[in-house]
Colleague: 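For reference, the structure I am asking about is given below.
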Amino acid sequence: MNNNLNFADIILPLPLAGVYTYSIPDEFKNQMAIGKRVVVPLGTKKLYTGIVQALHNNAPADYKVKDILSCLDDFPVINNFQLKFWDWISQYYQSVLGDVYKAAIPSGLKLESQTKIILNEEFVADNALSKTEDQILNILSKSKDVSIASLNQATGLKNTLPQIKSLLDKGAVVIEEHISSGYKEKKQEFVSLHSNFTEEEIGEILNGLKRAKKQQELLYSYLNLSKHYFEEKPEKVSSNELLKSVDCSRAILKSLVDKNILKFYFEKLDRLDLSSINTTGLKELNPHQEIAINEIRDNFEHKNCVLLHGVTSSGKTEIYIHLIEEQLKLGKQVLYLLPEIALTTQIINRLKSVFGNKVGVYHSKFNDSERVEIYNNVLENKTDKAYQVILGVRSSVFLPFNNLGLIIIDEEHENTYKQFDPAPRYHARDAALYLANLHGAKTLLGTATPAVESYYNAQTGKYGLVELFKRYQEIEMPEIIVADIKEARRRKMMKSIFSPELMSHMTESLENKEQIILFQNRRGYAPYLECKSCGWVPHCPNCSVSLTYHRHNNLLVCHYCGHGMTPPNNCEHCGSSGLEDRGFGTEKIEEELLSYFPEAKVGRMDLDTTRKKNAYEKLIYQFEKHELDILVGTQMVSKGLDFDNVGLVGILNADSMLNYPDFRAYERSFQMMAQVSGRAGRKKKRGKVLIQTYTPEHEIIKNVVKNDYFEMYSSQIAERKEYIYPPFYRLINISLKHKNQRLVNEAANYFANSLRKIFGIRVFGPQSPVINRIQNSFIVNILLKIEKKSSPAKAKWILNQQANFLKEIEKFKSIQINFDVDPM
DNA sequence: AGCACGCCGACT
DNA sequence: GTCGGCGTGCTC
């Protein structure tokens, strides 16, 4: 603690390469420690919350250092594991440390400076002020400092900056930078007696309220709720609770407070529910699970990572729970990763029933303050209150663990584990393996359809492999039916997107009161609109994609940049008025279902219906309780949700996945179809899966029908080897971005050529991606394939060097270059 | 990321 | 002639 070091290297929450050095004023010297947050100035006016990365005495020679302004913490908020982990992420995924910092910390812990406007009291106007200027000064005279955002709000103007600037020039206001915390403690208002009244006094007061019936009633209710006559110390009574108990307005309560009979007080409220929960203990494992768990333990003896390949509903979760229990007994923390928020709702109940409030959930649908509290809970790791098990999505790998014993990565094949934009472009599965390594912890990968890379690692002995092919409670695997929609189309048998087979099976299921899940990987109403007479299709003005039509708000939306517009009445090309929707999104399927099955209750689960915080939970709950007969959804419905009464699963268009231009398209299609199929048929009887396709003879479709993972794997791994793809080669995608298409192409050609001089045939491209324009910038990709055995660090170093050379060329210096290591 | 600096077009 | 548009480069 006590040290005499003069300088600190600070990580700033900005896309800057490297750390910045600041001097430590004497007053903070004893307080400074690695991992604490400090406030530092940058540039002329901005203040940022930085993290102390190192302390030293090396005075920088070539620039003038600035002072650290304040130290925010008594104890470090970033531990050494995290700092090492950040370093690894930044190195491996070629992103700057500042970007990792931004991704790793809930923003409530990153205080940001905000410009505050302050009234200059001495100001006297010599010229008349404009109306808005007057208004602003009025607002300022009421409260002493106001942010620009709240000024905009108060004046009702979009932008008050010009007026502020003019007031600033006249000397009427002063501007100051304030650092403010986004995190606020949640407070609750409570009520108590104003003072320790004696019984007689209370009697008098009640008597005095004879003519104020409501107030009297309220006071009685308070005495009742606080158990005034029974307990030595009154129970806490919140204002809300009190008001609810007698159904009266706040004004009544206020008058009792004004009469000094009652008083308000506030208490910090924990957002996290830490109340104790009744737990049921462990369920016993069946013999197959017992064998599997023993194999996992054996493998962990000499391997750090084990792949558990278990068919859908083989009871993997129960195995996880037993392994978690073992770690908790050892006093270790466990991280349980899931690919999707939706899944946390189902799993959390099972975990809570065993581990009670030792389980915490972490994902982005929590608001920032809640995330700060979870972060702090893990950081403080107080024995009585701490979460020992964290159930979370991708970003949970950044929580401040200090004693991890096990990381479970469920549905490890899911590509949502890979972050694409913004940087750091990390893969949570791979990063978790490194994190486990740091803690000396073990990693368990679980899935019914392993990623080809993971299965390869298991086959070659890098990971342990444990397979579990028996379904829990001996449920049969579903029957898989393939419907040829090409044939049905030809014979004009299709009812919109539904084949005759699907129609009859749906009718049957509904008659049997069984539920149906339909899977279509397009959200919105129609993927595009098309002009009947000339074929014109409305495109996004900023990106090179057609706009998706959303019926519920009558909007054409770009799924890449979010641009929205009302659909034109006339074709912009030929002027005719016949714009028709083409293709099927989930929204349209929902509508069609209602017209074919007017009795059925239909729910839809996609990005649009699950934006709100509890929307997932609600949909899942409704479906579980059979308040819905049919659930239509995008890939969200495929991911490990467990329902008891699904008789039929329909995959509406298998080809759209198979034809995706990516070397993983077949693997992904297999996984998707196998996973969706796993949703069918649970407890009572064998379920059915119906796959609609134009190519029923496709090898992947056949693999799915036979439920033959290994055959899919074998053919894929052969292809990967032949066409030099992972797991044999490491991929790095280099994307160049610029507003000028000609320039970006020229730069990409130049860059690819200079890379070829070093990497030879390992360089592919430049290639224009299918969507080559996003938000008005043109994109060109270059792909680099490096042998698995050669040093990736060296290749990355060369890449960086070459990128710097490119930037030195005058005309290319505004080209943006991004690396994506292990792209998906 | 934000902000200052600096260089060109449309205005009093 | 100036105001302000955005392109460029720097911030310890």
Colleague: Are any of the side-chain nitrogens in A/Lys84 or A/Asp87 under 4.0 Å away from the carboxylate oxygens of its partner?
Modeller: no

Colleague: Just jot down the side-chain contact (heavy atoms from CB on, under 4.5 Å) partners of A/Gln91, sequence neighbours excluded, or say none.
Modeller: none

Colleague: Please check the phosphate of B/dC3 (OP1 and OP2 only) for any side-chain N or O of A/Lys46 closer than 4.0 Å.
Modeller: yes

Colleague: Can you pull the salt bridge (charged side-chain N to carboxylate O under 4.0 Å, His left out) pairs that have at least one residue in residues 733-746 of chain A, sequence neighbours excluded?
Modeller: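 Qualifying pairs: A/Glu746-A/Lys811.
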
Colleague: Taking ring-ring contact (aromatic ring centres under 6.0 Å, His included) as the definition, give me every residue that meets it alongside A/Phe28, ordered by chain and number, with sequence neighbours left out.
Modeller: none

Colleague: Between the protein and nucleotides 9-12 of chain C, which nitrogen or oxygen pairs come in under 3.5 angstrom?
Modeller:
| from | atom 1 | to | atom 2 | distance (Å) |
| --- | --- | --- | --- | --- |
| C/dG9 | OP1 | A/Lys813 | NZ | 2.9 |
| C/dT11 | O3' | A/Gly43 | N | 3.1 |
| C/dC12 | OP1 | A/Gly43 | N | 3.4 |
| C/dC12 | OP2 | A/Lys66 | NZ | 2.4 |
| C/dC12 | O3' | A/Thr21 | O | 2.9 |
| C/dC12 | O3' | A/Lys66 | N | 2.8 |
| C/dC12 | O2 | A/Thr21 | N | 2.7 |
| C/dC12 | O2 | A/Tyr63 | OH | 2.8 |

Colleague: Check the orientation of A/Phe398 and A/Tyr426. Use parallel for under 30°, tilted for 30 to 60°, and perpendicular for over 60°.
Modeller: perpendicular

Colleague: To the nearest Å, how far apart are A/Ile11 CD1 and B/dA1 C1'?
Modeller: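 For the pair A/Ile11 CD1 and B/dA1 C1', the rounded distance is 17 Å.
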
Colleague: Can you list, by residue number, the residues of residues 82-95 of chain A that have a non-hydrogen atom closer than 4.0 angstrom to DNA chain C?
Modeller: none

Colleague: Do A/Leu438 and A/Trp88 come close enough that some side-chain heavy atom pair is under 4.5 Å?
Modeller: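 Contact flag for A/Leu438/A/Trp88 side chains = no.
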
Colleague: Could you tell me if A/Asp67 and A/Ser23 have a donor-acceptor pair between their side chains, going purely by distance under 3.5 Å?
Modeller: yes

Colleague: Report all side-chain donor-acceptor pairs from residues 792-801 of chain A shorter than 3.5 Å, counting only partners two or more places apart or in another chain.
Modeller:
| from | atom 1 | to | atom 2 | distance (Å) |
| --- | --- | --- | --- | --- |
| A/Lys796 | NZ | A/Tyr92 | O | 2.9 |
| A/Asn800 | ND2 | A/Gln94 | OE1 | 2.7 |
| A/Asn800 | ND2 | A/Lys796 | O | 3.4 |

